[in-house]
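The structure appears right after this line, and notes come after that.
Not measured: the values here are computed from a predicted model. Proteins come first, then strands; the chains are lettered A, B, ... in the order of their sequence lines, and each starts at number 1.
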2 protein chains.
Amino acid sequence: MSLRYALLGFLTTEQASGYRLTQEFGESMGWFWYASHSQIYPELRRMEAEGLVTSELDGDDGRGKRTYTITDTGRGEFDRWLVEDADYPPQRDAERIRLVFLDQQHPDVIAKHLRAHRDHHQRLLDIYADQLEQIRSGTFPRLRKRLASQPPESAELVTGLKALALEGNARRARTEVEWADQGLLWLTTCTTDESRRH
Amino acid sequence: MSLRYALLGFLTTEQASGYRLTQEFGESMGWFWYASHSQIYPELRRMEAEGLVTSELDGDDGRGKRTYTITDTGRGEFDRWLVEDADYPPQRDAERIRLVFLDQQHPDVIAKHLRAHRDHHQRLLDIYADQLEQIRSGTFPRLRKRLASQPPESAELVTGLKALALEGNARRARTEVEWADQGLLWLTTCTTDESRRH
DNA sequence: TAGGGCATGTAATTCGTTACATGATTGC
DNA sequence: GCAATCATGTAACGAATTACATGCCCTA
């Protein structure tokens, strides 16, 4: 059900089309919850059928852009979800499995995987750092819309929470980079020792 | 396909029944890749049909414990997978979504979620620390079996990689705990300031 | 006029969860 | 005799990926 709540959350700030949501859930929202258009369009339809959102066609033409707006029912359902306890999903990390069983492969293969891991998370870290800068400097468009849509006394919370969330992602990425670097370092000393012994 | 490779990986160390695998993938292996019995049993059957594993019934009775053993085909397929490049799955974190939209809720609700987050990851961290201790002291049973099943010259790699993998999980958990604590601290100062202003 | 972005959908398949279901053995 | 654990399965459903499919509008 998380996609549903992610969509509702977005719609509490502004109304949007499926296309727009698809863009957001592939980019900024996507750093927290990724979703593709083939998942979003049917979900919006279901949500409309359940009265959580309403939609109307923009322009005069019969076919084309459909804009979704959250209803009071939708807001109520979203608020209910907000206070609900989290359930922490089980861990699933294919790369960890690989690493654990890589002990019979050439060290170069291990190094390849660790370097790719580090590079991947370094790229993410760069993006998060950039976004955090935009949040703090107030140039992030979605944040400005959120601030405008919410009562001014909650401005500090709005900004602070968005920053905290992104900060969390940045910390995660940094942790992965540092871990991979530690792994690469260990691998070097480990294989050097090994060759010295022969 | 990751469950398949996780199962194959386990079977490169020792043969096992579906039940045994279910236990392992709910515990130690489960820290990297969780799976339930309703997923494991059918997958083993499919893998047998594809020649990656073979099975035989233990004991004389017709029904009962079935032990699975990896085949050469299975080993080949697993080795092929080991060197393959990783693909990094999209991010999906329902708790982050919640946090970002929690700005209209009472600070107590935010604090509740952050505390639960910290506690959850602290519990994980305790488990990982304990397991790491067992790895380093050589009392971890699965590691001993792995060492016995692999050539002695790779002993350092076997132990080192398992420790590195767990160390990665521990780092992740520690990062989450620290992040949640930072969030709670910020929340306190933020809401104190707020009330002082009135 | 061809290619790219806008805009919306569906279908097939795979992956994972939850619930249902059964029977044997072991220890209190 | 009863409860727990061992041991194996299936069915229904939901979540997510990949591929297929269509049509508009703009601009190079």
Discussion item. Using 30° and 60° as the class boundaries, would you call the ring planes of Phe78(A) and Phe101(B) parallel, tilted or perpendicular?
Written reply: perpendicular
Item to complete: Please tell me which of the listed nucleotides, dT8(C), dA16(D), dT18(C), lies nearest to the side chain of Leu3(A)?
Response: dA16(D)
Item to complete: For Ser17(B) and for Arg46(A), locate the closest nucleotide of DNA chain D by heavy-atom distance; then report the residue assigned to the nucleotide nearer the 5' terminus.
Response: Ser17(B)
Discussion item. From CD1 of Ile40(B) over to C1' of dT10(D), roughly how many Å is that when rounded to an integer?
Written reply: 16 Å
Worksheet item: What pair of heavy atoms forms the shortest contact from Glu84(B) to Lys112(A), and how long is it?
Response: C-NZ, 4.1 Å
Worksheet item: Of all the nucleotides listed (dT8(D), dT18(C), dT10(C)), which has the minimum atom distance to the side chain of Ser38(B)?
Response: dT18(C)
Discussion item. Quick check on contacts: within residues 82-100 of chain B, what sits under 4.0 Å from DNA chain D by heavy-atom distance?
Written reply: Pro90(B), Arg92(B)
Discussion item. Would you say the rings of His121(A) and His117(A) are close, in the sense that their centroids are separated by under 6.0 Å?
Written reply: yes
Discussion item. Please give me the minimum heavy-atom distance between Gly168(B) and Arg96(A), naming the atom from each residue.
Written reply: C-NH2, 2.9 Å
Worksheet item: Over how many whole Å does the gap from Asp58(B) atom CG to dT8(D) atom C1' extend?
Response: 13 Å
Worksheet entry | Arg171(A) side chain to Thr175(B) side chain, donor-acceptor N/O pair below 3.5 angstrom | no
Response to the item:
By nearest-nucleotide position on DNA chain D, the 5'-leaning member of Arg20(B) and Ala35(A) is Arg20(B)
Worksheet entry | Phe25(A) CZ to dT17(D) P, straight-line distance once rounded to whole Å | 13 Å
Discussion item. Can you measure Met1(B) atom CE to dT14(C) atom C1' for me and round it to whole angstrom units?
Written reply: 8 Å
Worksheet entry | Heavy-atom side-chain contact between Leu52(A) and Leu11(A) under 4.5 Å | no
Between protein and nucleic acid, restricted to nucleotides 4-6 of chain C and to nitrogen or oxygen atoms under 3.5 Å apart, what atom pairs and distances do you find?
from   : atom 1 : to       : atom 2 : distance (Å)
dC6(C) : OP2    : Tyr19(A) : OH     : 2.6
dC6(C) : O5'    : Tyr19(A) : OH     : 3.3

Worksheet item: Can you check the Tyr34(A) OH to dA15(D) P distance for me, whole Å?
Response: 17 Å
Practice prompt. Apply salt bridge (charged side-chain N to carboxylate O under 4.0 Å, His left out) to the pair Glu176(A) and Arg172(B), showing each step before the final yes or no.
Written response: CA-CA 8 Å; Glu176(A) 296 303 318; Arg172(B) 281 180 189 167; 2.7 Å; yes
Discussion item. Within a 6.0 Å radius of atom CG on Asp130(A), are there more than 12 heavy atoms belonging to other residues, nucleotides or ligands?
Written reply: yes
Worksheet item: To the nearest Å, how far apart are Gln39(B) CD and dT17(C) P?
Response: 6 Å
Discussion item. Parallel, tilted or perpendicular: which one describes the rings of Tyr88(B) and His120(A), with boundaries at 30° and 60°?
Written reply: parallel
Worksheet item: Roughly how many Å is it from OH in Tyr5(A) to C1' in dA15(D), rounded to a whole number?
Response: 15 Å
Fill in: Gap between atoms CG and P, on Leu57(A) and dA7(C) respectively (whole Å)
13 Å
Practice prompt. Can you figure out which of dT18(D), dT8(C), dT17(C) approaches the side chain of Ser36(A) most closely?
Written response: dT18(D)
